[in-house]
Amino acid sequence: MAYFKSEAQRPNFIQQEEEILELWDRNKTFERSVDHREGCEKFIFVEGPPTANGLPHPGHILTRVVKDLVLRYKTMRGLYVERKAGWDTHGLPVEIEVEKELGVNSKREIEEYGVEKFNRKCKDSVFRYEKEWVNATKRVGFWIDMDSPYVTSDNEYIESVWWSLKEIWKKGLLYRGHKVVPYCPRCETTLSSHEVAQGYKEVEDPSIYVKFKLRQAKEQGQEQEHVFMLAWTTTPWTLFGNVALAVHPEHTYVKVEVKEKEKADEKKKEILILAESRLGTLEGEYEITERLRGKDLEGKEYEQLFDVPVEGKSHRVITADFVTLDEGTGVVHIAPAFGEDDYGVCKEKGLGFSQPVDSKGRFTSEVPFPDLKGVFVKGADKRIIEMLEQRGILYKESTHLHSYPFCWRCGSPLLYYARESWFIGMKSLRDNLLANNEKINWYPSHLKYGRFGNFLENIEDWALSRERFWGTPLNIWICEKCGAECCVGSIEELKEKAKNFPFPQESDANLDLHRPYIDEVLLKCEKCGGEMRRVTDVIDCWYDSGSAPFAQWHYPFETEKFKQNFPASFITEAIDQTRGWFYSLLGVSTAIFDVPPYLNVLSLGHILDERGVKMSKSKGNVVDITSIFNKEGAGADALRWYFFTIGPPWEDIRFSEPAIAERQKKSLNTLWNSYFFFITYASIDKFNPNAKKIPVDKRSAMDRWIMSRLNSTIKGVIEALERFEIHLAGRRIEDFVVDDLSNWYIRRSRRRFWVTEENFDKDCAYLTLYEVLVALCKLLAPFVPFITEHIYQNIVRTISEDALESVHLCDYPSHDESLVEQELEDSMDLVARLVEAGRRTRADAGIKIRQPLKAVVVVCEAEKMEEVRGLAAILQDELNVHEVQFADVNRKSEFSDMENYKQVDVNEGTTLFLDVSLDKGLREEGLVRDLVRRVQGMRKDIDLEYTAKIRILYEGDEEVKEAIKTFSDYICEETLAVGIEKGKPPSSVKGEQIYEKKWKIGDKVVWLGVVEAV
RNA sequence: GGGCCCGUAGCUUAGUCUGGUUGGAGCGCUCGGCUGAUAACCGAGAGGUCCGGAGUUCAAAUCUCCGCGGGCCCA
């Protein structure tokens, strides 16, 4: 039989992990682990595709190991789990990286540089950090098929996306609309809402109160007053687009007469109108002259502030429910070109439209000030405020701290801007979205009806188009003559309908569906025969990734794979994907198939830095996670274990490197030491676990206890993992390893392994420890795949040739109810508490544990007594007493009256009495125990083999001499000594290396010498 | 500004759903003990405004409301 190979007590885990990676590579273990389960029930996973144009962030690593844990676990549970990797390759982030690189700054410059060249650069840059991603993914042990990933910019992927858009188009859900959308004036494109969300910053903007003068009916008195509507805005530049003022129809407004001290006489009376509850914004004295409802103001006309052309009816007071009284004056300035609500209400009320700003965010010549033409709107605030001041219509000016969106990529302030864009009519699918969400299990569950559900309730249409270059081209062609639309759903269809086709016809190898090539393809209009041109937009890259469930399999052009792999059983990403990928998946799937695309979704927390602040590039607090893989006291297993056990997966993690080492030390080191203990003694004894078969019920209480604990643990671990309570699963295992296995079972059983001769009890101990270790390897394999593989290879593979070649091919342990003995576990628990109580009593009495005592009495109910009696030997040994007695509760007073008994209450109904009286015999014994302990320490000091024999020399007083004489057999047995002699060298020993030490034991001084016996 | 989540010892956290002994553990600190697998372990001690305030209740870390701080999402 091949035998267990010996191990280092403190191994180099980093090196071990690298060896395991090679082993997996050599044996194709990952592929085998998947194939091994072919034909079994499927567990379907979809990889949320990362973009490889930047280095992986700690959060990415967290996501990857959580995915890995779940997939390994499900595989071991007997499910067939395919794992296709994916890359997200399109989109603005990619373009901006390339722009930076090229040093260009606008769409015009990109066009001058050449869209073809630009897109080629984008394509290259997408995989710039692929190597780093692949390396980090492999190194951390994430098993996923990166050899045949899906790539969102591949033709086949695009073709599937096109098909899906055509499906949506056919349903009439894909439409062109003119809407106010968040717009980046530098990138010159609209942004999706989630992109906007990433870029909010606290900024100080001007806060101005502007007076809009009401037109007065002429008959009504010439002299009287000037009446103004008082409106508030933080975006002075939008005043050029003003078309209306809105008030809330039901709220109370007031007319107030402003008392101006200085000029009161010269001037006509000045009347302001604002909401009553906003009177606090006024400065100085005023007098309320009239109260009225918002709707009483409806229809009043006012004088235009600036002479900007407006198409259609304008400059009147309207009512709108969205007007709030939280801020401002209750009178809202309405500019339909620059606000979503504004746009909507103007459309509803039939008001006109004014757009004095161009696509780069600069004023056009429509603005009646030549010096403002071409000025970026946000830069004109100061000038505008000056102009208002000059005209005497600026009531008040200050600044206002609020959050304002900036382009998440280029940092420009965003504008809300009326643009023509393409939309998917998600609003009309709201009920379907909600119904599909019903079928999804969310972890944590509050997201289902909380953040995600609320979002669906208020869903808006999906702004799909991007006026950019590097993305899936929007597959819509429009007839230049009659305006007919055509949505192309496949490459085949494109070829059929194209008037020209700038690609080689027969081979698709040179086909590139991206811009600018696709822009050259003209179709023939089926209605009028005219020429159709593609709209030049590309689509939101979130639609790309949302299409992954079908597009990764090139559905419907190939159908088999998709049919087998939809919907997904499980996906997981970080919480920010709630309205990102989690939504885009559901949105696309609902629009096309009207079914949920995933059934279980785990939302992970973020990684924060040590101070609790989110790690981000801009803050410069991102740690280089890959360095962990090469650090002593760390490594992939350590990092994984830390991530898994530090807290619930859905909560943020305050990243701390010392904590990684701490957790690894506690759990993984203890596992290693338990394994090391086994290997050490099993090697000495040449124990072969395959040669012994002893049923568990024939083994000792201690053995049955650890097996019971093991099976209880397995049960709890599986329950927790099924609910994605990964941290609870991990902590259960940790408790088992540290408390049950290492600190109790092994510590209590050590002596059983030290017995030299063969015996039944030793076999039981070995067998039990072996079985526990093997089960633990499997139980821990999805968590820490490296160390478990290493141990498995040595304790299973070396001695069983027919064993599965990797722990990751094994079945996950299932709990065996017949091995769970709850009563035994409870009794052991009580014994542990009795031990604790006894130790405390000793400490109180100042008697150390090495000093044997006569007796301990456990007073408890008869029922418990029976349970614990079988474990009395443990108590006796742990408390170092000659005898354990039991007594019924009614005899309690007997002992409490005796002076030599120290009493301590363990729990209700259980009391422990420790006999603390010492006699000569006990003292001698104590002394001997101390001597043994010193000799053992000396053995260790000189690094003797565990099995090496020694001779002991000593010098001491009569008492010492007598004690040694009485207990010499015991001493020799304990210390593996062939003899113990009185006498001090060099006289008695010649030519031998003696290790000597002088000890103080209590009030005695003892000299000890140890020499290896030959 | 709105929604959701989180806030417990210097640090990491259990307990919160389902209110009920003296709020439990680990790291670190002090003292003592144990130890031939264990840089481990055991015992004792120091260390807590359970983020703050109000309310409900015989009873609140726990339930409710109002704040504060952090995170995320949305405007």
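Each chain gets a letter, A, B and so on, in the order the sequences are listed, and its residues count up from 1. Only a predicted model underlies this, so the values are computations on that prediction, with no experimental measurement involved.
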Could you tell me how far [M] sits from [N] if I compare only their [atom1] atoms? Round to whole Å.
N	M	atom1	result
B/A14	B/A9	P	12 Å
B/C68	B/U57	P	28 Å
B/C27	B/G47	C1'	14 Å
B/U21	B/G28	P	31 Å
B/C65	B/U56	C1'	10 Å

Using a cut-off of strictly less than 4.0 Å, decide whether [X] has a side-chain nitrogen or oxygen near OP1 or OP2 of [N].
X	N	result
A/Trp744	B/C41	no
A/Arg839	B/C34	no
A/Tyr675	B/A37	no
A/Arg654	B/U12	yes
A/Gln9	B/U38	yes
A/Arg747	B/U38	no

Could you tell me whether the side chain of [X] has a donor or acceptor atom within less than 3.5 Å of a complementary atom in the base of [N]?
X	N	answer
A/Arg451	B/C5	no
A/Arg10	B/A39	yes
A/Ser742	B/A40	no

Counting side-chain heavy atoms from CB outward, which of B/U35, B/C41, B/C72 is closest to A/Ile575?
B/C72

Ring-plane angle category for A/Tyr681 and A/Trp754, please: parallel below 30°, perpendicular beyond 60°, tilted otherwise.
tilted

Whole-Å distance, A/Lys848 NZ to B/C34 P, equals 5 Å

Distance in angstrom units between A/Glu878 CD and B/U35 C1', rounded
12 Å

Can you give me the closest heavy-atom contact between A/Trp581 and A/Trp542, atom names plus distance?
N-CZ3, 3.1 Å

Shortest non-hydrogen contact from A/Glu974 to A/Gln936?
O-NE2, 2.9 Å

With sequence neighbours left out, write down each residue that passes side chain to side chain donor-acceptor pair (under 3.5 Å) with A/Arg748, or none if nothing qualifies.
A/Asp877, A/Glu878

Under 4.0 Å between any heavy atoms, over every strand shown, what does A/Glu651 touch: base, sugar-phosphate, or nothing? Just pick one.
sugar-phosphate

Can the ring centroids of A/Tyr583 and A/Phe455 be said to lie less than 6.0 angstrom from one another?
yes

